[in-house]
Colleague: 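Pasting in a structure now, in structure tokens, and then I'll have a few things to ask.
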Amino acid sequence: MQFPKSMAAEAVKVALEFGYRHIDSALIYGNEVEVGQAIREKIADGTVKREDVFYTSKLWSTYHPQHLVRSCLEKSLKDLQLDYIDLYLIHNPIEFKPGDDLLPMDENGKLIYHNTDIRDTWKGMEDCKEAGLVKSIGVSNFNHKQLELILNMPGLRYKPVCNQVECHLYWNQSKLLEFCKSHNIVLEAYGVLGSTRDVNWYDPSAPILLEDPVLNTIAKKHGRTPAQVAMRHMLQRGIVVIAKSYKPGRIKQNLEVFEFELSEEEMKTLNGLNQNRRFVDTSK
């Protein structure tokens, strides 16, 4: 499902008014002009100060060579019209052919891949931090072996502060969470509600997570929505949740996850729903 870019601006403004402070976007989303405008408007009208907002962006997969990393970050900064980004992530360990064509295809319509050493990409990320363009750096969609490549690299200046991955009741990432916690790396979850069922990335035959009967039973017991319980479960596991919504009612509802708590027994039951099932297939 595609949303007009104006909806991104409106959603950011509503979120900041309701009390959200973490805004997550990326160059590839194509909405940083609108998101930046919304943030600046809310700063101008006194809703927030720049230092109150925690903005995350991501290095796209065609800018992995060390000398290209900063140019990608600067594109985001120019679109946002901000002086710095709070958290900058390598969007994906998989690299495409370097350049400004974000989805480079061959004559058969297949993506053209490339193989820059991810440790060189990380050096470029470190350079951006040292230049003061970004406060913190991290990764996204990395497994523990890819994280270890960076953690064990000679001359490491800054380790990743977080790893943003698909994580939900059916793909609960328990081993990766354990690994990240052991290295003081925050695990951030996207797709907590089972993704948006976008046909480009999603398996249409997959079950609808929010219709899970166990989840719904626990939600009814608390007088909460299944979405709220799914998010609360992640929070109690020590995972940062990224909630995506364009609807003001849902944006407000998502904040109510801090108003209740799941019991140890309920947490155990929800942990048992894991199927090691991904919803997002980035290989398509």
Side-chain angles (χ1 to χ4, degrees), residues 11 14-24 54 56 87 89 138-144 147 160-198 202-203 206-280:
V14 168
L16 291 171
E17 285 163 7
F18 280 144
Y20 285 83
R21 293 297 178 260
H22 182 187
I23 306 296
D24 180 276
F54 189 89
T56 299
L87 176 61
L89 308 178
V139 297
S140 180
N141 299 307
F142 274 51
N143 60 36
H144 80 275
L147 277 168
V161 298
C162 83
N163 184 18
Q164 186 183 119
V165 296
E166 178 184 355
C167 185
H168 44 75
L169 288 169
Y170 292 166
W171 179 254
N172 72 18
Q173 299 277 20
S174 56
K175 287 183 180 175
L176 185 60
L177 175 61
E178 196 179 318
F179 177 85
C180 287
K181 281 184 174 178
S182 72
H183 290 277
N184 291 317
I185 296 170
V186 173
L187 197 72
E188 274 189 341
Y190 68 78
V192 173
L193 308 181
S195 192
T196 54
R197 301 187 85 82
D198 185 319
Y202 201 87
D203 173 6
I208 298 173
L209 187 147
L210 293 180
E211 291 179 2
D212 185 276
V214 175
L215 174 64
N216 277 267
T217 299
I218 292 173
K220 279 186 185 129
K221 183 182 162 191
H222 284 271
R224 301 289 173 177
T225 67
Q228 287 173 326
V229 172
M231 287 189 283
R232 181 70 207 182
H233 171 251
M234 291 292 156
L235 289 171
Q236 285 185 219
R237 294 176 66 214
I239 296 170
V240 171
V241 173
I242 295 168
K244 177 182 175 183
S245 183
Y246 290 93
K247 297 176 181 175
R250 290 262 174 84
I251 291 171
K252 185 172 185 291
Q253 212 173 51
N254 290 343
L255 269 185
E256 293 168 6
V257 294
F258 299 105
E259 295 174 7
F260 72 101
E261 197 168 324
L262 299 168
S263 70
E264 202 175 315
E265 193 58 40
E266 287 167 335
M267 286 295 292
K268 198 174 171 184
T269 301
L270 291 169
N271 288 343
L273 296 178
N274 184 54
Q275 302 174 8
N276 289 330
R277 175 192 281 276
R278 287 178 182 274
F279 284 137
V280 181

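A quick note: this is a predicted structure, and the numbers were derived from the prediction, not measured.
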Colleague: Could you pull out the closest heavy-atom pair between Tyr190 and Asn141, with the gap in Å?
Modeller: OH-OD1, 2.6 Å

Colleague: Is the closest side-chain heavy-atom distance between Phe279 and Glu166 below 4.5 Å?
Modeller: yes

Colleague: So, for Ser174 and Arg237, which heavy atoms are closest and what is the spacing to 0.1 Å?
Modeller: CA-NH2, 3.7 Å

Colleague: With a 4.5 Å heavy-atom cut-off, do Cys162 and Leu87 have their side chains touching?
Modeller: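 In contact.
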
Colleague: Do you know the tightest heavy-atom contact between Cys167 and Ala189?
Modeller: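 The pair with the smallest heavy-atom distance is CB-CB, 3.6 Å.
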
Colleague: Using every non-hydrogen atom in the two residues, find where Arg277 and Trp171 come nearest and quote the distance to one decimal.
Modeller: O-CB, 3.1 Å

Colleague: Side chains of Gln253 and Thr225: does their closest heavy-atom pair fall under 4.5 Å?
Modeller: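 Answer yes - side chains close enough.
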
Colleague: Any side-chain heavy-atom pair from Val14 and Tyr246 closer than 4.5 angstrom?
Modeller: no

Colleague: Please determine whether side chain to side chain contact (heavy atoms under 4.5 Å, CB included) holds for the pair Ile23 and Thr56, giving the CA-CA distance in whole Å, both sets of side-chain angles, and the decisive distance to 0.1 Å.
Modeller: CA-CA 6 Å; Ile23 306 296; Thr56 299; over 6 Å; no

Colleague: Just wondering, are more than 12 heavy atoms of other shown residues or ligands nearer than 6.0 Å to CD in Glu259?
Modeller: yes

Colleague: To the closest 0.5 Å, what do you measure between SG (Cys180) and CG (Asn163)?
Modeller: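 Result: 5.0 Å between the selected atoms.
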
Colleague: Quick one: NE2 on His168 to CE on Met234, what's the gap to the nearest 0.5 Å?
Modeller: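 It comes to 7.5 Å.
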
Colleague: Quick one, Tyr20 and Leu255 - any side-chain contact, counting heavy atoms below 4.5 Å?
Modeller: yes

Colleague: State the CG-CD distance between Leu235 and Glu261, to the nearest 0.5 angstrom.
Modeller: 11.0 Å

Colleague: Passes side chain to side chain contact (heavy atoms under 4.5 Å, CB included), Gln236 versus Met267? Steps please.
Modeller: CA-CA 8 Å; Gln236 285 185 219; Met267 286 295 292; 3.7 Å; yes

Colleague: Set out, in order, the CA-CA distance, both residues' side-chain angles and the distance that settles side-chain hydrogen bond (donor to acceptor under 3.5 Å, both in side chains) for His233 and Asn271, then state yes or no.
Modeller: CA-CA 9 Å; His233 171 251; Asn271 288 343; 2.7 Å; yes

Colleague: Can you tell me how far apart CG (Leu215) and OG1 (Thr269) are? Round to the nearest 0.5 Å.
Modeller: 11.5 Å

Colleague: Kindly determine whether Leu177 and Lys181 satisfy side chain to side chain contact (heavy atoms under 4.5 Å, CB included), including the steps that lead there.
Modeller: CA-CA 6 Å; Leu177 175 61; Lys181 281 184 174 178; 3.8 Å; yes

Colleague: Between Ile242 and Val192, is there a side-chain heavy-atom distance shorter than 4.5 Å?
Modeller: no

Colleague: Working to the nearest 0.5 Å, report the span between CG of Asn143 and NZ of Lys175.
Modeller: 12.5 Å

Colleague: Can you tell if the side chain of Lys252 reaches within under 4.5 Å of the side chain of Phe18, non-hydrogen atoms only?
Modeller: yes

Colleague: Restricting to non-hydrogen atoms, name the atom on Ser245 and the atom on Asn254 that form the minimum distance, rounded to 0.1 Å.
Modeller: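 That would be CB-ND2, 4.3 Å.
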
Colleague: Is there a donor-acceptor pair closer than 3.5 Å between any side-chain N or O of Arg232 and the backbone N or O of Ala227?
Modeller: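 Side chain of Arg232 to backbone of Ala227: no pair is present.
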
Colleague: Is it the case that the side chains of Gln228 and Glu256 hold a donor-acceptor pair, with the cut-off being a distance below 3.5 Å and no angle test?
Modeller: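 Result is yes, a qualifying pair exists.
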
Colleague: Any side-chain heavy-atom pair from Val161 and Val186 closer than 4.5 angstrom?
Modeller: no

Colleague: Checking Tyr170 against Asp212: is there a side-chain donor and acceptor pair closer than 3.5 Å?
Modeller: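 There is such a pair between these side chains.
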
Colleague: Set out, in order, the CA-CA distance, both residues' side-chain angles and the distance that settles side chain to side chain contact (heavy atoms under 4.5 Å, CB included) for Leu209 and Leu169, then state yes or no.
Modeller: CA-CA 8 Å; Leu209 187 147; Leu169 288 169; 4.1 Å; yes

Colleague: Could you pull out the closest heavy-atom pair between Ser140 and Leu89, with the gap in Å?
Modeller: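 Reported closest heavy-atom pair: CB-CD1, 4.4 Å.
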
Colleague: At what distance, to the nearest 0.5 angstrom, does NE2 of His22 lie from CZ of Phe54?
Modeller: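 Here the rounded value is 5.5 Å.
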
Colleague: If you measure only the distance, is there a donor-acceptor pair under 3.5 Å linking the side chains of Gln164 and Asp24?
Modeller: yes

Colleague: Quick one: do the Glu266 and His222 side chains pair a donor with an acceptor below 3.5 Å?
Modeller: yes

